[in-house]
Amino acid sequence: MASAEAEHAEIVKKDLFAIISLQGSPCEQVVSYDIQDELDYVATCETGDRYRVHVSSEGKVHVNTHESKD
Amino acid sequence: MRRLLPALLVVFLASLLTTFSTAVPAAAGPYSACPSVAEEIVDLEMLTAALRETKAIGKITKIRLGSDIKKVLSRLESWHDKKSKFTLDQLEEQYNLLLMKIAMLIHDDDLFLHQQLCNAWAGIWLDLKDPDRFRQMRSRKGA
């Protein structure tokens, strides 16, 4: 079961990378992500850059640079 | 006192109005306020047909998207056959990410399709996770 979770996480990372790339933001690879809310992620790229990827109430996908609070 | 009553009533009504007008609105979730559209997309077949037609996406990207849609459908088919390694929650997340990619691709160049997608987002998932509706869809496709 753990391998299915790992495989799922890889799918999520790959899709987040695709979405960030479509926005034109620099990211070589998404190495980790946190779920903030429904359809609301913070993805961390290999470079350490972090992006918030979320869907608005109008269905628009936003990719914004995420400033770490820590 | 009789003269004061109307004034007190006005103050009371004004305070009521202020309370309601400044009340915090319900949190707006993703795709909860989609613009209404004249022609709705009601299922995945309509969505894939619309994606084939749109000029917002290039040919190669359309082929890739088609492949991504097939993968999600194949995983869902396994889930309906009780052979899936993924949970339904994981499959829903994969579906949502697929639609996020599509939304990202079409928003700037095909706003109408984007609005249709926004309206269809939740409904298509309900179809996909329902065993009967999923099988009907697959049999229509002749898969």
Side-chain angles (χ1 to χ4, degrees), chain A, chain B residues 25-37 41 56-58 61 64-65 67-68 71-72 74-75 78-79 83-109 111-125:
Chain A
M1 208 60 197
S3 65
E5 273 176 29
E7 196 177 326
H8 171 70
E10 285 308 309
I11 292 168
V12 175
K13 283 186 225 171
K14 209 173 140 196
D15 283 344
L16 287 171
F17 167 70
I19 293 164
I20 292 165
S21 301
L22 284 170
Q23 165 79 15
S25 302
C27 181
E28 294 284 316
Q29 187 189 350
V30 168
V31 289
S32 66
Y33 64 91
D34 294 311
I35 298 172
Q36 310 290 299
D37 205 339
E38 192 188 357
L39 306 189
D40 191 344
Y41 298 84
V42 171
T44 304
C45 299
E46 209 174 14
T47 52
D49 292 322
R50 299 179 85 205
Y51 297 98
R52 182 179 175 212
V53 179
H54 69 286
V55 180
S56 72
S57 57
E58 293 86 15
K60 185 170 183 191
V61 180
H62 297 272
V63 178
N64 311 109
T65 305
H66 184 75
E67 309 225 344
S68 181
K69 283 177 186 169
D70 41 55
Chain B
Y31 58 79
S32 62
C34 303
S36 56
V37 284
I41 283 177
I57 308 173
T61 307
R64 281 190 192 139
L65 271 185
S67 162
D68 289 346
K71 276 183 202 166
V72 170
S74 165
R75 291 179 201 138
S78 298
W79 185 82
K83 291 175 186 163
S84 177
K85 56 186 162 187
F86 298 116
T87 65
L88 190 60
D89 284 346
Q90 288 172 334
L91 292 171
E92 184 176 9
E93 189 172 21
Q94 291 169 22
Y95 164 81
N96 281 327
L97 283 158
L98 171 63
L99 263 63
M100 283 166 76
K101 266 195 288 188
I102 296 172
M104 195 83 191
L105 281 163
I106 60 176
H107 182 269
D108 290 338
D109 296 317
L111 191 58
F112 180 66
L113 180 55
H114 182 270
Q115 290 169 348
Q116 287 180 308
L117 174 80
C118 183
N119 281 284
W121 198 308
I124 291 176
W125 174 249

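First the proteins, then the strands, lettered A, B, ... as listed; each starts at 1. Since the model is a prediction, treat every value here as computed from it, not as a measurement.
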Measure across [X] and [Y] and return the closest heavy-atom pair with its distance rounded to 0.1 Å.
| X | Y | value |
| --- | --- | --- |
| B:K85 | A:A4 | O-CB, 3.2 Å |
| B:Y31 | A:V55 | N-CG1, 4.4 Å |
| A:G59 | B:A103 | O-CB, 4.0 Å |
| B:M104 | A:V63 | CE-CG2, 4.0 Å |

Could you tell me if the side chain of [Y] sits less than 4.5 Å from the side chain of [X], heavy atoms only?
| X | Y | value |
| --- | --- | --- |
| A:E5 | B:F86 | no |
| A:V53 | B:M100 | yes |
| A:V12 | B:L97 | yes |
| A:Y41 | B:E93 | yes |
| B:K71 | A:I11 | no |
| B:H107 | A:V61 | no |

Checklist entry - Rounded to the nearest 0.5 Å, how far does NE2 of B:H114 lie from NZ of A:K60? => result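 Nearest 0.5 Å value for the NZ-NE2 distance: 8.0 Å.
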Next on the checklist: For the SG atom of B:C34 and the CD atom of A:E58, what is their distance to the nearest 0.5 Å?
Outcome noted: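 B:C34 SG to A:E58 CD: 8.0 Å, rounded to 0.5 Å.
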Next on the checklist: Are there residues of residues 19-32 of chain A whose heavy atoms fall under 4.5 Å of chain B's heavy atoms? If so, which?
Outcome noted: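 From residues 19-32 of chain A, the residues near chain B are A:I19, A:L22, A:Q23.
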Checklist entry - Counting only N and O atoms by type, is there a donor-acceptor contact under 3.5 Å from the side chain of A:H54 to the main-chain atoms of B:P30? => result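 Side chain of A:H54 to backbone of B:P30, a donor-acceptor pair under 3.5 Å: no, none is there.
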